[in-house]
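We're numbering straight along the sequence, starting at 1. Each ligand, and each atom within it, is numbered from 1 in the order the structure gives.
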Amino acid sequence: MKGLFTALMVSYDKDGEINEKGLREIIRYNLDVTKVDGLYVNGSTGENFMISTEEKKEIFRIVKDEVKDRVKLIAQVGSINLKESLELAKYATDLGYDALSAVTPFYYKFDFEEIKNYYNTIINSVDNKMIIYSIPFLTGVNISIDQFAELFENEKIIGVKFTAGDFYLLERMRKTFPDKLLYAGFDEMLLSAAVLGVDGAIGSTFNVNGQRAREIYELANKGEITKAREIQHETNDFITELLNNGLYQTLKEILKEKGVDAGYCRQPMKELTEEKVEVAKTMAAKYF
Ligand code: NAY
């Protein structure tokens with residue numbers, strides 16, 4: 001389960017319906033062109049928190065059907081509706097997903113006992129493994145090193161997707177949990193996380209920029225930091241433009257320039273203006 005995982009985009013049509021043909025094209029692009037080691041399905045990048053349970057299942061099914069066993073698959077099943085998480089955990093496990101992941105429960109101020117119960121309930125309900133999805137800047141949920149230690153007491157909880165810029169905590173985690181899987185979650189900080197010894201990374205920008213991410217990650221692991229830094233600089237020029245123009249919408253527009261039917265984002269996310277579409281096209285030509 002080590003390596004680079006794309007946080008998979010999903011193609012939606014203008015009415016917000018899943019575009020199965022487009023989704024399959026995005027998957028194939030990731031397998032054949034960006035060449036990642038695996039896919040992280042129904043994460044933030046899949047616009048997961050704006051879609052129904054049935055749609056989540058349909059996406060899990062299409063992805064597994066397209067990928068078969070070519071790369072590893074992680075199913076993000078987290079939801080503050082725990083019954084939905086349980087249903088999705090069973091569904092993805094039955095489909096053969098290699099691991100599950102669940103975002104920390106958000107919106108209500110759940111205390112740690114409730115968060116721990118959430119993870120144990122989900123993962124103990126199936127024969128699978130769990131990767132905690134920690135993304136404090138969106139959820140407001142911060143987990144301390146002692147709390148991670150308590151969660152990791154359950155051997156089925158095998159790692160964490162660490163989408164945060166707290167490198168002190170990441171370093172402490174690496175030292176404290178040498179046998180757990182740590183995945184970097186911010187692509188613009190991949191080099192720094194790789195230097196600290198993460199086991200892999202999960203990123204939205206890998207949908208188009210997976211090859212540069214691979215170079216950064218491999219150079220860092222070989223200790224070739226100067227070269228890795230150059231590619232991180234180039235990557236971050238790209239990511240800065242991406243964030244300024246609209247993250248997911250621009251990634252989809254770039255995929256379209258590469259001939260992939262990546263569709264639109266689900267409302268309430270808005271469409272790019274004509275000017276921003278032009279910016280995305282210029283970015284596609286400049287970086288890919
Ligand atoms: C997800 O579940 O899709 C992710 O969290 C993937 C990680 C991405 N985070 C978000 C919120 O999109 O790749 C990152 C991020 O888009 C990138 O670093 C740009 O900031």
Side-chain angles (χ1 to χ4, degrees), residues 3-12 23 26-27 30 34 36-51 56 59-60 63 73-79 85 88 92 97 99-106 130-141 159-167 170 181-194 198 200-214 216-217 231-255 262 265-266 269 280 283 287:
L4 301 181
F5 285 70
T6 292
L8 189 69
M9 311 219 76
V10 174
S11 180
Y12 296 97
L23 173 55
I26 296 174
I27 297 164
N30 273 287
T34 65
V36 285
D37 302 306
L39 302 177
Y40 186 85
V41 185
N42 282 336
S44 311
T45 309
E47 301 167 56
N48 173 75
F49 303 105
M50 296 176 282
I51 63 176
K56 291 174 191 178
I59 293 165
F60 284 140
V63 175
L73 292 177
I74 302 173
Q76 198 293 124
V77 300
S79 165
S85 289
L88 294 173
Y97 273 68
L100 305 179
S101 181
V103 69
T104 50
F106 52 91
M130 169 63 67
I131 295 158
I132 295 164
Y133 178 10
S134 175
I135 181 161
F137 97 102
L138 289 181
T139 59
V141 180
V160 56
K161 166 161 135 60
F162 186 90
T163 308
D166 184 345
F167 288 107
L170 185 60
L181 293 168
L182 302 181
Y183 298 94
F186 271 133
D187 315 348
E188 50 277 46
M189 304 179 199
L190 175 59
L191 172 57
S192 321
V198 290
I202 299 170
S204 66
T205 63
F206 302 171
N207 280 281
V208 295
N209 198 47
Q211 291 190 12
R212 280 196 193 88
R214 165 87 55 205
I216 294 168
Y217 188 62
I231 302 167
Q232 185 75 70
H233 284 324
E234 196 183 3
T235 289
N236 287 4
D237 289 343
F238 163 62
I239 292 180
T240 302
E241 290 180 41
L242 192 61
L243 294 174
N244 286 338
N245 205 53
L247 173 63
Y248 303 134
Q249 292 93 335
T250 305
L251 284 172
K252 287 187 177 184
E253 210 54 51
I254 292 171
L255 281 169
C265 286
R266 181 89 169 206
M269 285 188 185
M283 289 171 66
Y287 293 105

Checklist entry - Under 3.5 Å, is there a donor-acceptor pair between the Ser44 and Tyr248 side chains? => result no

Item to check | Sidechain-backbone polar pair: Asn245 side chain, Thr250 backbone, donor-acceptor under 3.5 Å | outcome: no

Next on the checklist: With a 4.5 Å cut-off on side-chain heavy atoms, are Ile51 and Ile59 touching?
Outcome noted: yes

Checklist entry - Would you say Thr6's side chain and Leu39's backbone share a donor-acceptor pair under 3.5 angstrom? => result no

Item to check | Nearest heavy-atom neighbours spanning Thr34 and Asn207 | outcome: CG2-O, 3.4 Å

Item to check | Near ligand 1, at a heavy-atom separation below 4.0 Å: residues by chain and residue number | outcome: Ala7, Tyr40, Gly43, Ser44, Thr45, Tyr133, Ile135, Leu138, Lys161, Gly185, Phe186, Asp187, Glu188, Ile202, Gly203, Ser204, Leu243, Leu247, Tyr248

Next on the checklist: Please enumerate all residues that pass ring pair (Phe, Tyr, Trp, His ring centres under 6.0 Å) together with Phe106, with sequence neighbours excluded.
Outcome noted: Phe49

